[in-house]
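Take a look at the structure set out below.
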Amino acid sequence: MTSSAFAYIDGVLHAERVSAVSLAEQFGTPLYVYSRAALTRAWHAYADACQGRRATVHVAVKANSNLAVLNVFARLGAGFDIVSGGELARVLAAGGKAENTVFSGVGKRADEMRDALIAGVKCFNVESIPELDRLNAVAAALGKKAPVSLRVNPDVDAKTHPYISTGLKSNKFGVAFDEARAAYHAAAAMPHLEVVGIDCHIGSQITEIAPYLDAVDKLLDLVEQLEADGIVLGHIDVGGGLGITYQDETPPEIGAFVRTVLERIEARGHGQREVYFEPGRSLVGNAGVMLTRVEFLKPGAEKNFAIVDAAMNDLARPAMYEAFHAIEPVVQAPPGSAPAGVYDVVGPVCESGDWLGRERRLAVSPGELLAVYSAGAYGFAMSSNYNTRPRAAEVMVDGDQVHVVRVREEVAQLFANETILPD
Ligand SMILES: *Cc1c(COP(=O)(O)O)cnc(C)c1O
């Protein structure tokens with residue numbers, strides 16, 4: 001369920017060598033806690049499997065865009081995958097390099113394109129012909145050539161949740177496979193674009209390798225056809241999406257996934273091309289937990305509720321995707337203590353969808369701390385201020401050291417940009 005960076009020592013959950021109880025006492029709850037060791041380990045799983053091959057890893061910033069998290073990866077030599085101008089600013093502020101950054105996303109604005117071109121991003125992952133036109137115009141105005149890849153929709157079933165499956169014909173993402181060849185010809189004819197690669201991203205929380213191999217095969221068919229047409233692609237970007245264990249999923253090990261994909265590309269005679277990976281969740285998901293405190297226990301006729309101080313605004317995944325996050329007491333109940341009850345773990349937000357876990361067997365009492373696991377990806381990054389709730393603090397543990405990497409918001413900040421009407 002978790003990486004070994006989070007483990008119980010003498011019955012108390014620790015992040016590396018720091019007690020989660022002391023973290024909660026010092027920094028309050030809800031609190032996001034990341035482990036530098038876990039981030040580093042996940043990075044090495046990718047990087048080591050890429051060693052000695054023409055393959056590079058671009059961290060998908062949207063999964064966790066905290067500057068300290070990005071900086072840990074930047075120090076390890078990571079590239080980045082961004083989906084907005086804001087994310088580019090974060091990458092640069094965190095010590096990442098534009099020339100190692102690819103710019104994805106279905107709706108890039110002209111000003112975002114312009115900033116990214118001036119910064120010198122490595123590639124624009126373009127998703128439509130109108131976007132090619134816009135990028136060509138923006139590049140022309142700057143007297144530049146924009147490096148482009150087309151996100152092709154291989155129409156493979158990634159067998160994941162419909163909201164996080166992105167490679168099907170019915171999705172808003174990518175250029176349809178049947179239209180990709182024509183789109184490449186259009187791109188190649190635009191004077192301010194330089195066609196450099198091809199990309200796809202078939203979904204998220206994918207726990208099998210087969211859909212990737214299906215996607216790679218379709219991409220390579222197209223690459224071969226384009227080459228025969230005189231359009232030579234230097235890189236193949238297989239996207240992100242590798243799943244993690246939240247509950248009982250058994251995703252492939254990262255190294256095995258990387259090697260299998262690279263071997264397929266080599267076996268088909270494309271070993272000379274550079275391969276890009278864009279992992280998000282599998283780098284950060286199990287490198288973070290969220291700590292929350294039980295406010296009340298509320299027994300009901302049909303259900304018992306544990307009302308905690310974290311809510312859907314802090315961790316949206318359960319409300320948004322009915323996602324499962326393991327939830328455990330931070331202090332393990334001593335043997336012979338009160339029997340566990342079955343609780344829905346819910347937050348204070350005024351929505352029935354505000355829940356973190358359903359029908360969990362827990363031995364808890366009011367005031368106790370709970371850990372919500374696998375919260376490092378799409379956790380804080382998707383948080384909001386709904387119900388005028390200040391967003392949680394984030395800390396990073398490094399051995400026995402703790403660094404506050406985002407201070408808790410204060411209520412006054414939340415409406416500092418608002419004004420009332422004049423008299
Ligand atoms: C979200 C996204 C990723 C990362 O996906 P994960 O499931 O977190 O690995 C990579 N590439 C693109 C284009 C994305 O939109």
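Residue numbers start at 1 and run along the sequence shown.
Taking CZ of F124 as the start and CG of L117 as the end, the distance is 4.0 Å to the nearest 0.5 Å. For the atom pair D237 CG and N125 CG, the distance stands at 5.5 Å (nearest 0.5 Å). To the nearest 0.5 Å, the span separating NZ on K144 from CZ on R114 amounts to 10.5 Å. Within the model, atoms CD of Q205 and OG of S282 stand 9.5 Å from one another, a figure rounded to the nearest 0.5 Å. The distance from the CZ atom of F305 to the CZ atom of F296 is 14.5 Å, given to the nearest 0.5 Å. M290 contributes atom CE, which lies 4.5 Å from atom CG of L315 (distance to the nearest 0.5 angstrom).
Closest approach of I82 to E87, counting heavy atoms only: CA-OE1, 3.3 Å. Closest non-hydrogen pair, Y378 versus R317, comes out as O-CG, 3.4 Å. Scanning both residues, K62 and A381, for their nearest heavy atoms gives O-CB, 3.4 Å. Smallest separation of non-hydrogen atoms from G285 and I244: CA-CD1, 3.9 Å. Considering every non-hydrogen atom in both P154 and F177, the closest pair reads CA-CD1, 4.3 Å. Nearest heavy-atom pair across E278 and V102 is OE2-CG2, 3.8 Å.
L39 is listed as a side-chain neighbour of M396, based on a closest heavy-atom distance under 4.5 Å. Considering only heavy atoms from C-beta on, D354 stays 4.5 Å or farther from Y386 through its side chain. R360 places a side-chain heavy atom less than 4.5 Å from the side chain of F324. Here the side chains of I198 and Y184 are in contact, with some heavy-atom distance below 4.5 Å. For the pair F73/V284, a side-chain contact is recorded, criterion being any heavy-atom separation below 4.5 Å from C-beta on. Residues Y246 and R281 meet the side-chain proximity criterion, which asks for heavy atoms closer than 4.5 Å. No side-chain heavy atom of N313 sits under 4.5 Å from any side-chain heavy atom of S383. Between R259 and E253, some side-chain heavy-atom pair lies under the 4.5 Å cut-off.
The backbone N or O of I265 sits nowhere less than 3.5 Å from a side-chain atom of H270 that would complete a donor-acceptor pair. For the pair D344 (side chain) and R358 (backbone), a donor-acceptor distance under 3.5 Å is absent. Under a 3.5 Å cut-off, the side chain of Y32 and the backbone N or O of F380 do form a donor-acceptor pair. Remark: the backbone N or O of A94 is paired with a side-chain donor or acceptor of N71 at under 3.5 angstrom. R54 contributes a side-chain N or O that, together with a main-chain N or O of Q272, makes up a donor-acceptor pair within less than 3.5 Å. Looking only at distances, a side-chain donor or acceptor of R268 sits under 3.5 Å from a matching main-chain atom of D217.
A salt bridge links E227 with R273; the closest basic N to acidic carboxylate O contact falls under 4.0 Å. For K218 and D155, the salt-bridge test fails: no basic side-chain N is under 4.0 Å from an acidic carboxylate O. In this structure, R406 pairs ionically with E409, as a charged nitrogen and a carboxylate oxygen lie closer than 4.0 Å. Salt bridge status for D115 with K108: absent, with no side-chain N to carboxylate O gap under 4.0 Å.
Partner of Y34 under the side chain to side chain contact (heavy atoms under 4.5 Å, CB included) criterion, out of V289, V72, N64: N64 alone.
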From CA spacing to verdict: side chain to side chain contact (heavy atoms under 4.5 Å, CB included), V216, V261: CA-CA 8 Å; V216 161; V261 167; 4.2 Å; yes

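By the 6.0 Å contact criterion, NZ on K145 is enclosed, its count of non-hydrogen atoms from other residues, nucleotides or ligands being greater than 12.
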